Amino acid sequence: MKDVRNQFPYLKNNPEVVYFDSAATSLKPQAVIDRVMYFYTNLSSNIHRGEYDTSTQTEKMYEGVRAHLAKFFNVGVEDVVFTKNASESLNMVATGFLKDKLQENDVILVNEAEHASNLLPWYKIAEETGAKVEFMKLVAGKVDLDILESHLKKGVKLMSLAHVSNVVGVIQDIAAISKLTQKYQTYLCVDGAQSVGHFDIDLKALNPDFFCFSAHKMFGPSGVGVLISKKKHYEKMIPLHYGGGSNARFDILGNVTLKDIPFRFESGTPNLEGVLGLGAALDFIDDLGLDAIHQHEVFLRNYLLKALNQMDHILIYNPYTEVGIVSFNVKDIPSQDVAFYLNAHHINVRSGNHCAKLIQGVLETESSIRISLSIYNTIEDIDKFIAVIQDITLEKTIDLYI
C-alpha cells in the first residue's frame with residue numbers, strides 16, 4: 001500500500017508521535033480538512049432554504065454525499081439519514097422505532113462486549129416499557145449461531161450488536177445473523193462504528209434492519225453520524241427532533257405534515273461542513289481501496305501480535321482479532337500506568353474499559369490497553385512500541401509520578 005502519512009497534517013505537526021488510538025477517533029487527511037475549509041470560505045450557506053447560488057451548490061454537494069453513501073453501502077439514497085453520531089443513530093432506533101412496539105417482558109438481546117452507546121439506549125426503553133435486556137454469551141468474541149438461535153426461539157424483539165467490537169476486534173457474520181433474526185421475526189440493529197472504512201460492507205447482502213456509524217472513525221469530521229435503514233421501518237419511526245427542515249407544512253391548529261423520508265428525520269440546520277467532510281473521506285477511502293486498507297491493517301496486526309507473543313510479561317486478550325485492534329495488559333502493572341508510560345515515549349494508546357464497561361465478562365479483565373491500527377501506521381511505529389514495551393517495569397512507571 002502506498003505511503004499516506006504525508007496526507008495527515010497531525011502526523012506532520014507531531015512527527016514524534018505514534019498514534020495507536022484510531023478506534024477512538026481516526027486522524028483526518030488534508031483532503032477532508034480542505035473540504036471543510038472550502039465550505040466556510042466559499043459557500044457558508046444553508047440548504048433546502050435558499051434560491052441563491054451558494055445555497056443550491058451546498059445543497060447539491062450535501063445530497064451528493066448521501067448518494068455517495070448509498071453507493072458505498074449498496075442501498076437506496078432514501079435509506080440514508082444523517083445524524084450527529086452513531087450514538088444518536090442508535091437512540092433513533094431505540095426511542096423512535098422500537099419503544100412503542102415493546103410490551104412488558106419483551107426481550108432486547110445484546111452481549112457484554114458492547115459499547116455503552118449500544119447498551120444504554122436499550123436499558124432506557126426497557127425501563128420505560130417493562131421490557132428486558134438479556135445478554136448472549138460470545139465464543140472467542142463471536143456470536144455462536146446455535147447460542148443465538150436458542151435465544152431467538154424463546155422470543156426476541158430486537159437484537160443489537162457491533163459489527164466489530166471496539167475491544168475484541170472480531171468481525172461478526174452479519175449475513176448469517178440476519179438470516180436467523182428474520183426467521184424469528186426479530187429486528188437486527190448493527191453498530192458499524194468500528195467496521196466502516198476498514199473493509200467492504202454491502203448492506204444489501206448483509207441485510208440488517210438498522211446500521212449505524214460515525215464519520216469521525218472513518219477519517220471524517222466529528223459531529224456527523226449516519227443511520228441506514230429501510231423505508232418500511234422509517235415509515236414507522238418517530239423523529240427524535242422536530243423543527244425547521246423536517247416539516248412540509250403546519251397550521252395554527254397544530255396539524256403538522258412531515259417531509260418525505262429521509263428529510264423528516266433531519267430537523268434543523270445540519271452539520272453541513274461535517275457532511276461535506278464525510279464526502280471527502282469517502283473519496284479518500286475510494287482512492288485507496290477498501291481491500292488495500294484491510295490488507296495493510298491485517299499485516300500490521302500480525303506483525304504486532306508476533307512480537308507481543310514473544311514477551312512473557314504481556315497478556316494478550318484477543319489473539320483471535322480479525323482487524324487492527326489488539327487488547328493486552330502488562331503483568332503486574334495497571335493499564336493506565338502503562339498508557340502514561342507509553343505517552344512519555346510519545347506513543348498514544350487507550351487504556352481502561354474502552355466504554356465497554358461489561359467487558360470483564362468477555363476478556364476476564366475490566367481494564368486493558370488497546371492498540372488500534374490504521375492506514376497511517378507503519379512497521380516502524382510498531383518497532384518503536386515494541387522497543388519501549390519490552391523493557392517496561394513497574395519501577396519505571398512509578399518514576400513518572402515522582
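Computed from a prediction, not measured in an experiment: that's the story for all the values here.
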[Y] side chain reached by [X] side chain, heavy atoms, under 4.5 Å:
| X | Y | answer |
| --- | --- | --- |
| Q336 | F340 | yes |
| Y303 | D383 | yes |
| Q172 | V164 | no |
| F210 | L90 | no |
| V190 | C212 | no |
| E88 | L240 | yes |
| I285 | F72 | yes |

[X] versus [Y], closest heavy-atom pair with distance:
| X | Y | answer |
| --- | --- | --- |
| V133 | A126 | CG2-CB, 3.9 Å |
| N13 | P15 | C-CD, 3.4 Å |
| V32 | A281 | CG2-N, 3.6 Å |
| R301 | G324 | CB-CA, 4.3 Å |

Review point. Would F265 and Y234 count as a close aromatic pair, with their ring centres under 6.0 Å?
Key: yes
Exercise for review: Report yes if the distance between the aromatic ring centroids of F8 and F284 is under 6.0 Å, otherwise no.
Suggested key: yes
Review point. Got more than 12 heavy atoms from elsewhere within 6.0 Å of OH, Y10?
Key: yes
Check your understanding: Just wondering, more than 12 heavy atoms not from K137 lying within 6.0 Å of its NZ?
Key -> no
Review point. Which is it for K179 and D173 under the salt bridge (charged side-chain N to carboxylate O under 4.0 Å, His left out) test, yes or no, and what are the steps along the way?
Key: CA-CA 10 Å; K179 287 180 181 178; D173 188 347; over 6 Å; no
Would you mind checking if [Y] and [X] are paired as a salt bridge, meaning a charged N to carboxylate O distance below 4.0 Å?
| X | Y | result |
| --- | --- | --- |
| E266 | R66 | yes |
| D21 | R370 | yes |
| E235 | K232 | no |
| K132 | E104 | no |
| R35 | D283 | yes |
| E78 | K231 | no |
| K124 | E128 | yes |

**Study point:** Spacing of L276 atom CG and D34 atom CG [to the nearest 0.5 Å]
**Key:**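 Going from CG on L276 over to CG on D34, the span is 13.0 Å.
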Review point. Rounded to the nearest 0.5 Å, how far does CG of L227 lie from OG1 of T83?
Key: 7.0 Å
Donor on one side chain, acceptor on other, [X] and [Y], under 3.5 Å:
| X | Y | result |
| --- | --- | --- |
| S55 | E51 | no |
| N207 | K230 | yes |
| T186 | T181 | no |
| S372 | S22 | no |
| S351 | S335 | no |
| N247 | Y242 | no |
| E114 | N111 | yes |
| D202 | N74 | yes |
| T269 | N46 | yes |
| S214 | N85 | no |

Exercise for review: Assign the ring pair Y341 / H345 to parallel, tilted or perpendicular, where the plane angle (0 to 90°) is split at 30° and 60°.
Suggested key: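 The arrangement is tilted - the two ring planes meet at 30° to 60°.
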Exercise for review: Could you tell me how the ring of F211 sits relative to the ring of F73: parallel (under 30°), tilted (30 to 60°) or perpendicular (over 60°)?
Suggested key: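 Tilted: the ring planes of F211 and F73 meet at 30° to 60°.
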Contacts of type salt bridge (charged side-chain N to carboxylate O under 4.0 Å, His left out), residue [X], not counting sequence neighbours:
| X | answer |
| --- | --- |
| D286 | none |
| D337 | none |
| K101 | none |

Counting distance only, does the side-chain N/O of [X] pair as donor-acceptor with the main-chain N or O of [Y] below 3.5 Å?
| X | Y | value |
| --- | --- | --- |
| N377 | Y19 | yes |
| D144 | I147 | yes |
| E112 | F135 | no |

Check your understanding: R264 and side-chain contact (heavy atoms from CB on, under 4.5 Å): which partner among V81, L258, I238?
Key ->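 That would be L258; it is the only one of V81, L258, I238 passing the side-chain contact (heavy atoms from CB on, under 4.5 Å) with R264.
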Review point. For N6, which residues count as a side-chain hydrogen bond (donor to acceptor under 3.5 Å, both in side chains) partner, sequence neighbours excluded?
Key: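 Applying side-chain hydrogen bond (donor to acceptor under 3.5 Å, both in side chains) to N6 gives none.
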Practice item. Output all residues satisfying side-chain hydrogen bond (donor to acceptor under 3.5 Å, both in side chains) with S246, sequence neighbours left out; order by chain, then residue number. Key: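 By the side-chain hydrogen bond (donor to acceptor under 3.5 Å, both in side chains) rule, S246 matches no residue at all.
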Check your understanding: Restricting to pairs with a member in residues 162-204, which pass ring pair (Phe, Tyr, Trp, His ring centres under 6.0 Å), not counting sequence neighbours?
Key -> F97-Y187, H163-F199, Y187-H233, F199-H294
